Amino acid sequence: MELRKDFLWGGATAANQYEGGYLEGGRGLSINDVEKGASHGVKREIHDHVHPDAYYPSHEAVDFYHHYKEDIALFAEMGFKCFRFSIAWSRIFPNGDETEPNEAGLEFYDDVIGELEKYGIEPLVTINHYEMPLALVQKYGAWRNRKLVEFFERYCRVIFTHYKGRVRYWLTHNEINAMFLSDRPYHQAGIIYEDGENRSQTILNAAHYMLLASARAVQIGHETDPDNQIGCMLIYPLVYAATCSPDDQISAMKKLNKTYYFGDVHCRGYYSNVCTAMWQEMGAKPEMEPGDEEILKNGTVDFVSFSYYFSSIEGKNLEIVTGNVASGGKNPYLKATQWGWQIDALGLRTSLNYLYDRYQKPLFIVENGMGALDTVNEDGTIDDDYRIEYLEEHIRAMIDAVELDHVDLMGYTPWGCIDLVSAGTGEMRKRYGFIYVDKDDEGKGTLNRSRKKSFFWYKNVIATNGGCLR
Ligand code: BGP
């Protein structure tokens, strides 16, 4: 076994962190546009409207909106076979509940896709990546409301039809399971809990509506074009038991079940025992309507995509560390990034095995990487050897999963292939890119792009289909 000849090497971004142009081309506000930055450890604030004197990182982000030609040329220079970006829902439906789409929004992505086509780069489009229209939150309560399924279907129908034959790979909701992993399901579901509400009921309903919406998207996508490949997207926060105590094994299993809750419905088309057991434990179950089971059954995904950043441990009396969404126990065998995310390259091989074993569907690693502070040398170069080291180890583990364990893997798109705004903290100084963007945490900078050392390293990895790492 070796990596597929057509292995989709590339990079990943999302509109809310990359695109900017927040009021251009008739775009409506998204949930991120009212989220004030949180540089230097200050907690992020969510407002109900845009305050004129506050700084919101997503408004300009790193301005892909005006730099897309330049950026895609750089991706092509690195040899990208695939580029993951998201469509900003509020660019297509500014308030989310219109009946007709915003043509200028559709045209923007026509231009982006046209540019990718010029270089033979395959688009991988996330339909919903932390950027739902703000009006859907304010008018309908976001995914608390079943109405959202209908709006999402309309949005999907429009983009599947409009980009038919030009986009083949789609992801429905980014990191859908993250809504179970933290107590702030704002980014995934647009939900801020109200005092005294039954949180279990709210979150189970929201999860159900999002899963239904995803299943409908798969059906509509296949009807529109049988060549469409539609995947789910999970964050995979691998968990180990802290000791060989059977109690710790059970704790680790239960933590991973929060992820399988979503994977099982997406891939198997029904709520598995893992899900029903969780309902029992939570003392609530999703409000289902007749026909829902049928929708889930007929909307199973074609492949499983996931993000992989870190692992953690479960057990008793542990020091707790946080990753991006989830937190867990500190593993004494692992080092961590400057943001405290535990680095576990071998864990990627384990994760690929667990997911493939469970679902037997092709896998796609659509996010991986490490946020780090970069220093620009006097001559403008950036020696990001730490990034190269991190990615090299992870890619080796990924290749082992294919070559030694025979996992079926479609591609690898590391996160933030170009520097962009952090989802977790709103910072710019937390950088993931092969391409440096001159912008700081106060929003200052020329937005000039430059190639880091890792740019040339990754180019060679792609050119040799990973061979240079063997
Ligand atoms: C994932 C998100 C991405 C991205 C990444 C890195 O959870 O899907 O949007 O941001 O994490 O996280 P952060 O930006 O917080 O470093």
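Whatever order the structure lists ligands and atoms in, that order sets their numbers, starting from 1. Quantities reported herein were computed from a predicted structural model and do not represent experimental measurements. Counting from 1, the numbers follow the sequence of the chain as shown.
Geometrically, ligand 1 and T425 share no nitrogen or oxygen pair separated by less than 3.5 Å. Considering backbone and side-chain N/O of G424, one or more are found under 3.5 Å from N/O of ligand 1. Polar contact check, Y432 against ligand 1: a nitrogen or oxygen pair lies under 3.5 Å apart.
Neither the backbone nor the side chain of Y18 has any atom closer than 4.0 Å to an atom of ligand 1 (non-hydrogen atoms only). Counting heavy atoms under 4.0 Å from ligand 1, residue N174 touches it through the side chain alone. With a 4.0 Å heavy-atom cut-off, ligand 1 is reached by the backbone of A423 and by its side chain too.
For the pair E367 (side chain) and S305 (backbone), a donor-acceptor distance under 3.5 Å is absent.
Checked against side chain to side chain donor-acceptor pair (under 3.5 Å), E153 has the following partners two or more places apart in sequence or in another chain: R216. In this structure, the side chain to side chain donor-acceptor pair (under 3.5 Å) partners of D408, at least two apart in sequence or on a different chain, are R4.
Here the options are R431, K430, R429, the test is salt bridge (charged side-chain N to carboxylate O under 4.0 Å, His left out), and the partner is D441; only R429 passes. Evaluated for a salt bridge (charged side-chain N to carboxylate O under 4.0 Å, His left out) with K453, the options D374, D384, D385 yield exactly one hit, D385.
Ranking protein heavy atoms by distance to atom 10 (O) of ligand 1, first place goes to Q17 NE2, 2.9 Å.
Side-chain contact, Y271 with H208: a donor N or O sits under 3.5 Å from an acceptor N or O.
Those atoms of ligand 1 with a heavy atom of S422 less than 4.0 angstrom away are 13 (P), 14 (O), 15 (O), 16 (O).
Among Y130, W341, Y309, the residue whose heavy atom lies closest to atom 12 (O) of ligand 1 is W341.
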